[in-house]
2 protein chains.
Amino acid sequence: MTRQQVPAAEIAEIPGQEALGVQGAASDDLIELLFFAYRDFVGDPDRILAEYGFGRAHHRVLHFVVRYPGLTIAELLDILRITKQSLNRVLKDLIEQGYIEQKTGTSDRRQRLLFCTNAGADLAADLTRVQTRRVARALADRAEQAGTAAMSAHDFLLAMIEPDERAAVCRLMARRARRAA
Amino acid sequence: MTRQQVPAAEIAEIPGQEALGVQGAASDDLIELLFFAYRDFVGDPDRILAEYGFGRAHHRVLHFVVRYPGLTIAELLDILRITKQSLNRVLKDLIEQGYIEQKTGTSDRRQRLLFCTNAGADLAADLTRVQTRRVARALADRAEQAGTAAMSAHDFLLAMIEPDERAAVCRLMARRARRAA
DNA sequence: TGAGATATGTCAACAACACTGACTTATATC
DNA sequence: GATATAAGTCAGTGTTGTTGACATATCTCA
């Protein structure tokens with residue numbers, strides 16, 4: 001009831017350079033699906049973060065510090081692509097409230113190596129849980145799709161959208177299909 | 001040189017519920033790749049928008065109005081998931097500067113139907129071009145990947161990352177693989 | 001050892017974009 | 001004619017990004 005209404009679902013079957021027009025239309029759909037997928041993807045942790053008085057910026061910092069213990073400030077700045085001042089504001093919150101610790105670098109004592117405390121790891125795990133659930137569910141959805149065929153980017157992004165909202169998104173995108181026909 | 005360093009590239013081969021641990025790790029990678037992919041994905045249009053004095057919020061409004069002419073305010077609010085006040089701020093800019101027009105609804109005269117002007121369609125096309133280029137390139141990358149195997153979500157998101165940055169992301173993510181080994 | 005580069009931290013001001021809450025106007029519906 | 005709905009607006013606030021300037025500690029190299 002959902003997939004059939006969406007045009008160009010067979011994107012991944014179109015080889016490289018041929019049929020650029022169709023691939024262009026497929027790309028346009030992916031652009032839109034990426035918006036919807038990301039919208040719902042960040043919505044999950046937002047609800048948890050609000051309980052702690054934190055925002056998405058805190059989440060991003062915590063995420064990368066948990067996953068890559070010993071990260072330096074410079075490395076984190078390069079990953080997040082924000083300014084030192086923006087990073088410092090949220091990092092200060094996380095350190096003061098005991099979620100992240102700094103240790104002076106051993107080989108280079110100018111560096112501040114970042115590590116999570118137990119509290120930080122716990123919070124990060126909470127946040128990761130809801131996001132992992134969504135992604136794992138999206139991957140699992142493939143099984144109920146085209147049988148043994150692998151999941152296309154289109155299918156994955158669609159599956160990342162909140163299930164209750166998926167029909168609405170498909171309905172919206174079907175408006176274009178009708179016009180094109 | 002890039003792919004081999006990334007762990008769990010065979011995510012899509014793991015059936016539904018079995019090996020949840022591995023799928024969990026795969027999900028974690030996808031979470032991170034989604035961040036990087038989205039970071040670069042929105043970076044492209046940002047540069048164009050800055051020339052017009054517009055931001056991402058303007059882009060989102062313009063995108064949906066171009067793609068779905070006649071959209072109502074209520075529909076747009078439901079899509080974007082922002083407040084009426086937030087929408088109005090950017091919509092006012094776009095209308096005053098001649099990129100979007102409002103027409104009173106015919107069946108319900110309370111509604112304001114949104115349409116793009118030619119200038120709006122031109123700007124939207126400019127913005128779509130850079131994003132379509134990135135997505136089309138990402139889809140095309142599949143051809144040079146696993147031959148006839150379909151593209152996994154992992155491959156797609158990785159291919160969405162700025163090519164020059166891809167190696168750095170892979171290097172970063174390889175740090176985890178080394179620890180796990 | 002001393003000059004200059006680098007890593008980090010900080011102050012101040014500002015802009016984009018989201019929020020809440022309260023209220024108005026026009027139109028539709030019953 | 002009462003009530004609901006679609007849209008617009010005013011005022012205040014918070015998060016997260018920005019620029020620019022500057023301070024401090026440490027490293028590197030001549």
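Chain naming here is simple, since letters A, B, ... match the order of the sequence lines and numbering starts at 1 in each. Worth saying up front: this structure is predicted, and the values here are computed from it rather than measured.
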Sugar-phosphate, base or nothing in reach of A/Gln102, heavy atoms under 4.0 Å: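 Sugar-phosphate: the residue A/Gln102, judged by heavy atoms under 4.0 Å, touches backbone atoms but no base.
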
Touch class at under 4.0 angstrom, heavy-atom based, for A/His59 against every strand present: nothing

Non-hydrogen side-chain atoms of A/His59 and A/Ile48 separated by less than 4.5 Å: no

Pairwise side-chain contact, B/Met160 with B/Asp40, heavy-atom cut-off 4.5 Å (strictly under): no

Main-chain N/O of A/Val135 paired with B/Ser27 side-chain donor or acceptor, under 3.5 Å: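 Here the side-chain-to-backbone pair does not exist.
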
N/O donor-acceptor pair under 3.5 Å between A/Arg81 side chain and A/Asp78 backbone: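 Indeed, once roles are kept as given, a pair shorter than 3.5 Å links the two residues.
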
Span of DNA chain C, from the first to the last nucleotide whose atoms fall under 4.0 Å of chain B heavy atoms: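 Extent of the interface on DNA chain C: C/dC17 to C/dA28.
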
Thinking salt bridges, do [X] and [Y] make one under a 4.0 Å N-O criterion?
{"X": "B/Arg67", "Y": "A/Asp29", "answer": "yes"}
{"X": "B/Glu162", "Y": "B/Arg134", "answer": "yes"}
{"X": "B/Arg176", "Y": "B/Glu32", "answer": "no"}

Of residues 77-100 of chain B, the positions that come close to DNA chain C - non-hydrogen atoms, cut-off under 4.0 Å: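 Result for residues 77-100 of chain B: B/Arg81, B/Ile82, B/Thr83, B/Gln85, B/Ser86, B/Arg89, sorted by number.
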
Residues B/Leu71, B/Ile79; criterion side-chain contact (heavy atoms from CB on, under 4.5 Å); working and verdict: CA-CA 10 Å; B/Leu71 215 52; B/Ile79 288 169; 4.2 Å; yes

Start and end of the DNA chain D segment that chain A contacts, any atom under 4.0 Å from a heavy atom: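 In short, chain A contacts DNA chain D from D/dT16 to D/dC27.
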
Check: B/Phe156 ring centroid to B/Phe41 ring centroid under 6.0 Å: no

Closest-nucleotide 5' rank along DNA chain D - winner of B/Ala74 and A/Arg56: B/Ala74

Intermediate values then yes/no, side-chain contact (heavy atoms from CB on, under 4.5 Å), A/Val42 and B/Phe35: CA-CA 10 Å; A/Val42 296; B/Phe35 164 78; over 6 Å; no

